[in-house]
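Just below is one structure, and these are the notes that go with it.
The structure displayed is predicted, hence computed values, not measured ones.
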Amino acid sequence: LPYLRIADDKKSAEIIGLVMFHEEQLSGMLTSEEGMMFLLLADQKENKVQMTEKVGSGSNSDRKNYVTISIKKATRKLDIQSEGGQGIQVNLQLELHANVIEYPKDQVNKKSTITHLNQKLSELLTKRAEETVSKMQEANSDLLGIGRILMARHPEVWKKTDWKTE
């Protein structure tokens, strides 16, 4: 569910993140950035997704250190495996194809700049995905629907698993 607060103008609300639940109780919150990552990880991106990320090492206030991208395609692969009594292993891969919307350095036509941006964005977004999944695990919230997939594909494991401790 979206987490809202009253905007500074006191006339509207703004979304500042997503709240997570476990057994009908609030158990955690994702920031707006993590919420966007959750939508990509859950394969629920329906509208245009834009992200602005810091890719330079300079000052936070310097626009030249940022790039804005628009995700044009997201491909998710989710593999859930259960090997006997060895527990459950989930492998989630997310491949993003994006267009650069804004990059003030005006060097997007250089191969070295594109390589740098690909590497830096991959690092940043991988870290955000890991942090997002970690927060969902800490909140004991199965937003990705892994439990339902496991129940359908591996019902014997589903029945044996103690979901409060796993």
Checklist entry - When you look at L40 and M51, which way does the side-chain contact (heavy atoms from CB on, under 4.5 Å) test go after all the steps? => result CA-CA 12 Å; L40 292 168; M51 300 176 173; 3.4 Å; yes
Checklist entry - How many angstroms lie between atom CG of L78 and atom CD of Q93, to the nearest 0.5 angstrom? => result 10.0 Å
Item to check | Contacts of type side chain to side chain donor-acceptor pair (under 3.5 Å), residue T126, not counting sequence neighbours | outcome: none
Item to check | K72 NZ to N99 CG distance, which is reported to the nearest 0.5 Å | outcome: 4.5 Å
Item to check | Contacts of Q50 that satisfy side chain to side chain donor-acceptor pair (under 3.5 Å) - sequence neighbours left out | outcome: none
Checklist entry - Checking side-chain contact (heavy atoms from CB on, under 4.5 Å) for the pair I16/L4: CA distance, chi angles, key distance, verdict? => result CA-CA 6 Å; I16 59 171; L4 305 171; over 6 Å; no
Checklist outcome for this item: To the nearest 0.5 Å, atom CG of L30 lies from atom CG of L143 at 6.5 Å
Next on the checklist: Quick check against the 3.5 Å criterion: does T115 have a side-chain atom that pairs as donor or acceptor with the backbone of K111?
Outcome noted: yes
Checklist entry - Looking just at side-chain N and O atoms, do D79 and Q81 make a donor-acceptor pair shorter than 3.5 Å? => result yes
Checklist entry - Quick one: does R76's side chain have a donor or acceptor within less than 3.5 Å of a partner on L94's backbone? => result no
Checklist entry - Charged N to carboxylate O under 4.0 angstrom, E14 versus R5? => result yes
Next on the checklist: To the closest 0.5 Å, what do you measure between NZ (K120) and OG1 (T113)?
Outcome noted: 14.5 Å
Next on the checklist: Checking side-chain polar atoms at under 3.5 Å, does S27 have a donor or acceptor matched by the opposite partner on S141?
Outcome noted: no
Next on the checklist: With a 4.5 Å cut-off on side-chain heavy atoms, are V67 and T52 touching?
Outcome noted: no
Checklist entry - Is V49 close to L39 at the side-chain level, that is, under 4.5 Å between some pair of heavy atoms? => result no
Next on the checklist: Give me each pair satisfying salt bridge (Lys or Arg N to Asp or Glu O under 4.0 Å) with a member in residues 132-147, each pair once, sequence neighbours excluded.
Outcome noted: E34-K135
Next on the checklist: Let me confirm one number: the CD1-CG distance from I114 to N118, rounded to the nearest 0.5 Å.
Outcome noted: 7.5 Å
Checklist entry - Does the side-chain contact (heavy atoms from CB on, under 4.5 Å) test come out yes or no for I146 and I80, once each step is laid out? => result CA-CA 8 Å; I146 292 167; I80 302 172; 3.7 Å; yes
Checklist entry - By side chain to side chain donor-acceptor pair (under 3.5 Å), which residues pair with E131, not counting sequence neighbours? => result none
Next on the checklist: The criterion is side chain to side chain contact (heavy atoms under 4.5 Å, CB included); which residues satisfy it with L1, sequence neighbours excluded?
Outcome noted: V19, F21
Checklist entry - Do you know which two heavy atoms are closest between L117 and Y103, and how far apart they sit? => result CD2-CE1, 3.8 Å
Item to check | By side chain to side chain donor-acceptor pair (under 3.5 Å) - contacts of D9 (at least two apart) | outcome: S12
